[in-house]
There are 2 protein chains.
Amino acid sequence: MTGCRVSVDTVLFRLGLARLQVLLLRRLRPPFAGWSSLPGGLLHPREELQAAAVRILRQRAGLDDVYLEQLFTFGDPARDPRGRVITVAHIALVPPATPLPAGDASWTPLHALPRLAFDHRRIVDYALQRLRGKIEYSPVGFRLLPEEFTLTEVQEAYEAVLGRVLDKRNFRKKLLSLKVLRPLGRARKVGAHRPARLYRFEESRWEGVRDKGNVFVF
Amino acid sequence: MTGCRVSVDTVLFRLGLARLQVLLLRRLRPPFAGWSSLPGGLLHPREELQAAAVRILRQRAGLDDVYLEQLFTFGDPARDPRGRVITVAHIALVPPATPLPAGDASWTPLHALPRLAFDHRRIVDYALQRLRGKIEYSPVGFRLLPEEFTLTEVQEAYEAVLGRVLDKRNFRKKLLSLKVLRPLGRARKVGAHRPARLYRFEESRWEGVRDKGNVFVF
DNA sequence: GGAGTAAGTGTGACGTTGACACGAACTCCC
DNA sequence: GGGAGTTCGTGTCAACGTCACACTTACTCC
């Protein structure tokens with residue numbers, strides 16, 4: 001068969017300690033043995049691209065049910081020293097408490113990335129850029145949160161992604177005005193201070209928001 | 001070599017008669033003989049993705065020096081009846097006067113597309129959606145215009161892409177306030193009416209605009 | 001009951017958006 | 001040479017969104 005190999009790599013983000021983290025694997029074999037890399041693998045012959053990303057995340061990180069979207073296809077003929085492999089990169093988002101199986105996978109803060117194998121650094125950089133753009137006009141940010149969350153948690157998520165601090169009152173005012181959160185009437189008791197009210201994101205209320213040109217720009 | 005074939009397809013837009021048009025080729029051979037399709041072809045073994053798109057546009061449409069960006073990679077295992085081919089779709093923009101070589105290529109208005117081969121209709125739809133989004137926060141719109149243009153031409157370009165009419169005074173006020181156009185001090189004399197002043201887009205003035213959060217939303 | 005901590009809340013200044021109508025400049029024709 | 005026809009080019013005002021900014025509330029722990 002003529003053609004070249006096609007792989008799928010995923011930049012998997014989560015929030016940890018109010019910082020954005022990505023999942024990295026430690027490579028055991030050459031090339032780049034001992035380096036860190038994104039979870040990825042070759043596309044199977046009759047497999048959808050996104051299905052491949054899902055399969056690989058399950059195999060390599062024991063994860064199920066993650067939010068996934070295609071990012072970009074990297075095709076530099078020299079990106080893999082073993083021969084040509086083009087890779088379809090994806091972005092994935094998971095909530096903070098996502099467990100990891102033991103093994104060679106670890107969450108790494110984005111501001112302290114080690115050297116990455118192949119062109120994976122470029123892929124991560126591009127993924128962050130895209131995530132920053134997208135979080136402002138789409139509700140993907142909630143994929144980084146648990147189902148029930150406080151407003152402070154939402155703000156921390158936005159701050160972690162955007163890399164800047166936001167004004168508390170303005171953030172809450174804007175977010176609530178979009179009418180996409182449903183207050184649960186309950187509160188989370190945590191520590192020695194006033195409990196925070198819990199909310200849930202209502203996917204179904206999103207459509208009208210986008211149609212009106214409203215958006216998560218804070 | 002294990003792997004599947006990889007092709008590159010391009011949705012090439014231009015403006016014609018104040019409408020958005022795409023370049024279509026007529027297929028001569030099966031599958032889909034007689035149908036229209038996007039210009040595309042197989043990736044060469046040591047070729048960059050974007051270089052392949054450039055080569056194909058040159059070969060199939062005689063075009064050089066077009067604006068190109070990657071759109072999305074379509075990987076449905078059944079998208080080509082001959083066997084698996086994943087395709088890296090691109091968007092290209094050219095100014096209105098772009099000549100076409102004779103042959104099987106033709107400009108087709110977007111609102112009157114014929115049936116397209118493979119999944120090319122889906123690709124065109126997605127390309128339009130992306131172009132509409134992108135024109136509002138990046139100056140790609142100017143790639144659809146000649147180097148020197150009038151404000152009315154810019155407005156027509158935005159109206160054609162966005163598919164809605166815009167207010168003339170508000171459009172001009174906003175566009176000029178971004179300070180990315182350089183007035184040429186000359187005018188284009190055309191027909192029996194007041195001549196229109198000519199402008200040029202200044203790439204170098206764009207950075208500051210984006211940094212300030214300004215944008216081409218009209 | 002006092003200290004400590006995060007949650008929750010409103011106002012006013014400023015800038016942006018959006019609706020809206022008419023004179024200016026040119027050509028062509030008579 | 002003047003009138004008809006056509007597109008170019010321009011300003012104001014009201015409504016709305018954004019941004020800066022500080023204190024009280026609710027709870028726990030000692």
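A, B, ... follow the sequence lines: proteins, then strands. Residue 1 opens every chain.
Aromatic ring pairs are classed by plane angle as parallel below 30°, tilted from 30° to 60° and perpendicular above 60°; the pair Phe142(B) and Phe201(B) is parallel. Relative ring orientation between Phe32(A) and Trp35(A) is described as perpendicular, the plane-to-plane angle rising above 60° on a 0-90° scale split at 30° and 60°. Between Phe216(B) and Tyr158(B), the ring-plane angle classifies as tilted under the 30° and 60° cut-offs.
Contact annotation: Arg172(B) side-chain N/O to dG9(D) OP1/OP2 distance is under 4.0 Å. Residue Arg188(B) places none of its side-chain N or O atoms closer than 4.0 Å to OP1 or OP2 of dC26(C). For the pair Arg169(B) and dG9(D), the criterion of a side-chain N or O lying under 4.0 Å from OP1 or OP2 is not met.
Between Tyr199(B) and Leu176(B), some side-chain heavy-atom pair lies under the 4.5 Å cut-off. Here the side chains of Leu25(A) and Arg27(A) are not in contact, with every heavy-atom distance at 4.5 Å or above.
A salt bridge between Arg143(A) and Glu69(A) is absent, with no side-chain N of the basic residue lying under 4.0 Å from a carboxylate O of the acidic one.
We find that CG of Asp167(B) is positioned 14 Å from C1' of dT16(C), with the value rounded to whole Å. As rounded to whole Å, 16 Å separates atom P of dC14(C) from atom CG of Asn170(A). Across the protein-nucleic acid pair, Leu178(B) atom CG and dT16(C) atom C1' stand 12 Å apart, rounded to whole Å. Taking atom CD of Glu153(A) as the reference point, atom P of dA6(C) lies 14 Å away to the nearest angstrom. Distance Lys168(B) NZ to dA19(C) P: 17 Å, rounded to the nearest Å. If you take CD of Glu136(B) and P of dT16(C), they are 18 Å apart, rounded to a whole angstrom. Rounded to a whole Å, the CG atom of Leu175(A) is 16 Å from the C1' atom of dG17(D). Here dA20(D) presents its C1' atom at 14 Å from CG of Leu166(A), a figure rounded to the nearest Å.
For dG18(C), its base sits under 3.5 Å from the side chain of Lys173(B) at one donor and acceptor pair at least. Not a single donor-acceptor contact under 3.5 angstrom links the side-chain atoms of Lys174(A) to the base of dG17(D).
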Would you list the protein and nucleotides 26-30 of chain D atom pairs, both N or O, that sit under 3.5 Å from each other?
unit_1  : atom_1 : unit_2    : atom_2 : d
dA26(D) : N3     : Arg194(A) : N      : 3.1
dC27(D) : O2     : Ala192(A) : O      : 3.4

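Backbone-only contact: Thr152(B) has heavy atoms under 4.0 Å from sugar-phosphate atoms and none from a base.
Taking CG of Leu38(B) as the reference point, atom CD1 of Ile56(B) lies at 11.5 Å (rounded to 0.5 Å).
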